[in-house]
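Inspection log for the structure reproduced underneath, given as structure tokens.
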Protein chains: 2
Amino acid sequence: MEKTYSIKEVADYFNLPISTIRYYDKKGLLPFVSKNDTGYRVFSESDFGFIKTICRLKDTGMPIKDIKTYIDLCMQGTSTIGQRKQMLQRHKANVLKQQQLLTNSLKEIDTKISRYDSKDSFNLITAQIKFVQHEKKGLKLRDPFIRDPFI
Amino acid sequence: MEKTYSIKEVADYFNLPISTIRYYDKKGLLPFVSKNDTGYRVFSESDFGFIKTICRLKDTGMPIKDIKTYIDLCMQGTSTIGQRKQMLQRHKANVLKQQQLLTNSLKEIDTKISRYDSKDSFNLITAQIKFVQHEKKGLKLRDPFIRDPFI
DNA sequence: CATTGCCCTGAACTATGGTTTAGGGTTTAA
DNA sequence: TTAAACCCTAAACCATAGTTCAGGGCAATG
């Protein structure tokens with residue numbers, strides 16, 4: 001006979017707090033989970049597959065409402081295959097866009113790092129500060145840099 | 001003479017709501033922005049550089065508190081170059097980890113898409129449903145699939 | 001057969017990152 | 001010189017994603 005699992009076992013397996021699993025259930029993400037006659041949640045092997053999918057969608061930033069929509073489609077059987085596919089394809093497109101933004105932003109941050117990393121960093125930053133101070137002064141704006149008390 | 005900019009001009013340039021810029025200011029992210037004698041924020045050209053950095057850090061998921069810490073370091077002059085470098089390097093490591101997770105999760109989602117996309121999808125999903133139903137039945141657990149009213 | 005460890009619910013609470021509203025002053029262009 | 005377009009603050013409000021707490025019931029082990 002196949003085994004069943006308690007909420008703690010599932011939580012440990014997926015490295016999630018028990019409270020999160022309860023929260024997901026309350027939000028309707030776990031319609032496939034049964035309860036026994038004393039009200040305890042009873043997880044089966046196949047539930048792990050669904051939960052894994054939920055985790056992947058969560059890890060890629062899908063909102064809980066949308067995950068619920070997806071899971072609900074899954075529970076409606078083969079007639080929703082087209083909708084599910086469309087959801088995942090749209091989501092994939094979003095993730096790719098997000099990855100692109102991340103990559104581009106990181107490139108700019110990397111540029112900053114290499115400036116800080118260069119032998120010349122002190123002079124570069126000093127010049128930057130001087131430039132800002134000159135510009136602010138020309139506009140009669142407050143100098144934003146904090147006076148070093150030791151100089 | 002160099003130009004100054006209003007909050008609306010900055011908001012339009014960065015494609016941010018004005019309320020977000022005020023919120024960032026309240027959170028201490030914009031210590032370099034001056035105010036004129038009627039209390040209006042006055043932005044200079046060089047402020048755009050700082051704000052661009054803030055946007056890059058935000059786009060890569062740095063929390064606002066940490067962005068404030070970074071900007072505060074910037075305002076303290078050359079003595080903080082090492083700390084700033086360290087912050088960005090740590091942040092970069094986090095972003096790379098996040099990108100890795102995203103990539104791996106997306107790969108699994110892609111596998112699902114291709115299953116939905118295959119000619120055989122109907123049979124695959126049908127088999128999956130049958131498997132779950134069989135397993136749940138063996139464990140005397142409720143069948144989670146919704147009965148199709150047209151069959 | 002009691003104690004320890006689990007499990008449950010509902011409701012309150014938290015953190016984050018904003019947005020909206022109320023009430024009021026400023027600038028600009030006709 | 002007045003209306004429209006801006007600007008300000010403080011405070012309330014919102015959504016999202018959980019976490020914590022109070023109060024109480026089951027399970028298993030010594």
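Predicted model, so just to flag it, every value in this text is computed and none were measured.
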Rounding to a whole Å, what distance do you find between [X]:[atom1] and [N]:[atom2]?
X       : N     : atom1 : atom2 : answer
B:Asp25 : D:dC7 : CG    : P     : 14 Å
B:Phe43 : D:dC6 : CZ    : C1'   : 14 Å
B:Lys26 : D:dT9 : NZ    : C1'   : 8 Å
A:Ile7  : C:dT9 : CD1   : C1'   : 12 Å

Would you please test A:Asp110 and B:Arg56 for salt bridge (charged side-chain N to carboxylate O under 4.0 Å, His left out) and show each step? CA-CA 11 Å; A:Asp110 238 343; B:Arg56 286 321 128 237; over 6 Å; no
Side-chain N or O of B:Tyr24 versus OP1/OP2 of C:dG18: is the shortest distance under 4.0 Å?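 For B:Tyr24, the contact criterion (side-chain N or O under 4.0 Å from OP1 or OP2 of C:dG18) is met.
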Nucleic acid contacts of [range], taken as heavy-atom distances under 4.0 Å to DNA chain D:
range                     : answer
residues 49-67 of chain B : none
residues 8-22 of chain A  : A:Pro17, A:Ser19, A:Thr20
residues 28-41 of chain B : B:Lys35, B:Gly39, B:Tyr40, B:Arg41

Same cluster for A:Phe43 and A:Ile18 if Ile/Leu/Val/Met/Phe/Trp/Tyr side chains link at under 4.5 Å?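 Yes, A:Phe43 connects to A:Ile18 through the hydrophobic network.
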Under 4.5 Å between side-chain heavy atoms, counting indirect links through other Ile/Leu/Val/Met/Phe/Trp/Tyr residues: same cluster for B:Phe48 and B:Met75 or not?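 Yes, B:Phe48 connects to B:Met75 through the hydrophobic network.
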Can you list the residues that meet the side-chain hydrogen bond (donor to acceptor under 3.5 Å, both in side chains) rule with B:Lys8, with sequence neighbours excluded?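 Checked B:Lys8 against side-chain hydrogen bond (donor to acceptor under 3.5 Å, both in side chains); matches are B:Asp12.
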Give a yes or no on whether the backbone of A:Ser44 and the side-chain of B:Glu135 come within a donor-acceptor separation of less than 3.5 Å.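 Checked: no pair found.
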Which one of B:Gln83, B:Arg84, B:Gln76 satisfies the side-chain hydrogen bond (donor to acceptor under 3.5 Å, both in side chains) criterion with B:Thr80?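 Single side-chain hydrogen bond (donor to acceptor under 3.5 Å, both in side chains) partner of B:Thr80 among B:Gln83, B:Arg84, B:Gln76: B:Arg84.
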To the closest 0.5 Å, what do you measure between [atom1] ([X]) and [atom2] ([Y])?
X        : Y        : atom1 : atom2 : value
A:Thr4   : A:Arg41  : OG1   : CZ    : 14.5 Å
A:Lys112 : A:Asp117 : NZ    : CG    : 13.5 Å
B:Leu96  : A:Leu102 : CG    : CG    : 9.0 Å

Taking NZ, NE, NH1 and NH2 as the nitrogens, is one of them in A:Lys52 or A:Asp59 under 4.0 Å from a carboxylate oxygen of the other?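 So A:Lys52 does not pair with A:Asp59 through a salt bridge.
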Would you call B:Asp143-B:Lys137 a salt bridge at under 4.0 Å N-O?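 The answer is no: the pair does not qualify as a salt bridge.
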Mind grabbing the angle between the end helix axes of the helix from C:dC1-D:dG30 to C:dA30-D:dT1? Five pairs an end, 10° rounding.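 One end's axis against the other's: 0°.
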Output every pair passing salt bridge (charged side-chain N to carboxylate O under 4.0 Å, His left out) with a member in residues 65-76 of chain A, not counting sequence neighbours, ordered by first then second residue.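 Residue pairs passing salt bridge (charged side-chain N to carboxylate O under 4.0 Å, His left out), neighbours aside: A:Lys68-A:Asp72.
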May I ask you to check whether B:Tyr5 and B:Tyr13 place their ring centers less than 6.0 Å from one another?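 Centroid distance B:Tyr5-B:Tyr13: not below 6.0 Å, so no.
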